[in-house]
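Contents: one structure, followed by commentary.
All values derive from a computational prediction rather than experimental measurement.
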Amino acid sequence: MRAVVQRVDGARVVVAGETVGEIVGEGLCVLVGVTHDDTPEKAAQLARKLWSLRILQGEKSCSDNGSPLLVISQFTLYGDARKGRRPTWHAASPGPVAEPLVDEVVAQLRALGAQVETGRFGADMKVSLTNDGPFTVLLEV
């Protein structure tokens, strides 16, 4: 699993003109990609890492502050553009495999006590956010 994590001061996801997920104030916007060897155990590991990642103001984590997370599926994180100009998506898991694992990340975060908002899997999403810092990190588990 791969995640791009951004410290934000608010973020939201809109699908077909409707806001489907939104966090207000300090939190994390997390884009999650799934590859072929990912498992529910890796999803749980990613959730624990996200919950305790100390990248908020004052080197705090979401678990320290009770800050919310916006988790959005993003198969393009496994795009490969090393050859040519058109990326390939061979490393990205297909939707029927990836969706339950992204859902597992969300479920594990909620089980830890996190307030989690989400996008809509497979939808044409419009994501807007205010990157705070800017501060962006890449996580792989």
Side-chain angles (χ1 to χ4, degrees), residues 1-57 59-141:
M1 287 193 135
R2 185 175 285 169
V4 173
V5 184
Q6 297 178 79
R7 182 176 71 192
V8 298
D9 183 23
R12 71 182 188 142
V13 179
V14 174
V15 175
E18 172 194 356
T19 298
V20 297
E22 181 174 24
I23 61 173
V24 177
E26 184 179 48
L28 299 179
C29 182
V30 183
L31 307 176
V32 177
V34 178
T35 194
H36 301 290
D37 64 349
D38 286 335
T39 62
E41 292 76 24
K42 285 187 178 184
Q45 183 182 1
L46 179 60
R48 287 190 303 273
K49 184 76 168 182
L50 292 168
W51 185 232
S52 62
L53 191 63
R54 296 174 59 185
I55 64 171
L56 299 177
Q57 294 292 335
E59 294 188 12
K60 301 286 185 177
S61 67
C62 288
S63 65
D64 293 329
N65 293 347
S67 297
L69 300 95
L70 176 61
V71 176
I72 304 163
S73 63
Q74 184 86 34
F75 81 93
T76 61
L77 293 181
Y78 280 101
D80 184 354
R82 289 178 288 186
K83 294 181 182 177
R85 297 175 297 163
R86 182 180 299 153
T88 63
W89 314 111
H90 301 298
S93 287
V97 174
E99 185 174 12
L101 289 172
V102 174
D103 290 345
E104 184 65 17
V105 171
V106 172
Q108 290 290 327
L109 279 165
R110 288 179 175 150
L112 291 167
Q115 174 195 336
V116 184
E117 295 286 322
T118 64
R120 186 172 294 154
F121 193 92
D124 180 18
M125 296 179 274
K126 307 297 184 213
V127 180
S128 59
L129 56 91
T130 302
N131 192 317
D132 182 14
F135 203 115
T136 304
V137 296
L138 175 66
L139 297 179
E140 291 198 62
V141 295

Can you list everything that forms a side-chain hydrogen bond (donor to acceptor under 3.5 Å, both in side chains) with [X]? Sequence neighbours excluded, please.
X    : result
R86  : none
D103 : none
D9   : none
E99  : none

Going by the rule side chain to side chain contact (heavy atoms under 4.5 Å, CB included), which residues pair with [X] if we only count those two or more places apart in sequence or in a different chain?
X   : result
E18 : V20, R120
A44 : R48, Q108
P94 : H36, P96, V97

Of the non-hydrogen atoms in [X] and [Y], which two are nearest, and what is the gap between them?
X    : Y   : value
G122 : S73 : N-OG, 4.3 Å
L56  : C62 : CD1-N, 3.7 Å
L129 : C29 : CD2-SG, 3.8 Å
D38  : G33 : OD2-O, 4.2 Å
A98  : S93 : CB-O, 4.0 Å

Are the side chains of [Y] and [X] in contact, using a 4.5 Å heavy-atom criterion?
X    : Y    : answer
I55  : L28  : yes
V30  : V105 : no
L101 : M1   : yes
D132 : V8   : no

Starting from the C-alpha separation in whole Å, work towards a yes-or-no answer on side chain to side chain contact (heavy atoms under 4.5 Å, CB included) for E22 and E117.
CA-CA 6 Å; E22 181 174 24; E117 295 286 322; 5.5 Å; no
Which distance, rounded to the nearest 0.5 Å, do you find between the [atom1] of [X] and the [atom2] of [Y]?
X    : Y    : atom1 : atom2 : result
R12  : T130 : CZ    : OG1   : 11.0 Å
L77  : R2   : CG    : CZ    : 7.0 Å
L46  : L139 : CG    : CG    : 6.5 Å
E140 : Q45  : CD    : CD    : 11.5 Å

Mind listing the side-chain donor-acceptor pairs of residues 63-71 below 3.5 Å, one per line with the distance, residues two or more places apart or on another chain?
{"unit_1": "S63", "atom_1": "OG", "unit_2": "W51", "atom_2": "O", "d": "3.3"}
{"unit_1": "S63", "atom_1": "OG", "unit_2": "S61", "atom_2": "OG", "d": "2.7"}
{"unit_1": "D64", "atom_1": "OD2", "unit_2": "S61", "atom_2": "N", "d": "3.0"}
{"unit_1": "D64", "atom_1": "OD2", "unit_2": "S61", "atom_2": "OG", "d": "3.2"}
{"unit_1": "N65", "atom_1": "ND2", "unit_2": "E26", "atom_2": "OE1", "d": "3.4"}

Between T35 (side chain only) and A91 (backbone N and O only), is there a donor and an acceptor less than 3.5 Å apart?
yes
ring-ring contact (aromatic ring centres under 6.0 Å, His included) pairs, two or more places apart, involving residues 81-108
F75-W89
If a pair satisfies ring-ring contact (aromatic ring centres under 6.0 Å, His included) and one of its residues is in residues 118-141, list it, with sequence neighbours excluded.
none
Restricting to salt bridge (Lys or Arg N to Asp or Glu O under 4.0 Å), what partner residues turn up for R110, sequence neighbours left out?
none
Those residues at least two apart in sequence (or on a different chain) that pass ring pair (Phe, Tyr, Trp, His ring centres under 6.0 Å) with Y78 are none
Decide if atom NZ of K42 counts as having more than 12 heavy atoms of other residues, nucleotides or ligands within a radius under 6.0 Å.
yes
From CA spacing to verdict: side chain to side chain contact (heavy atoms under 4.5 Å, CB included), M125, I72
CA-CA 9 Å; M125 296 179 274; I72 304 163; 3.7 Å; yes
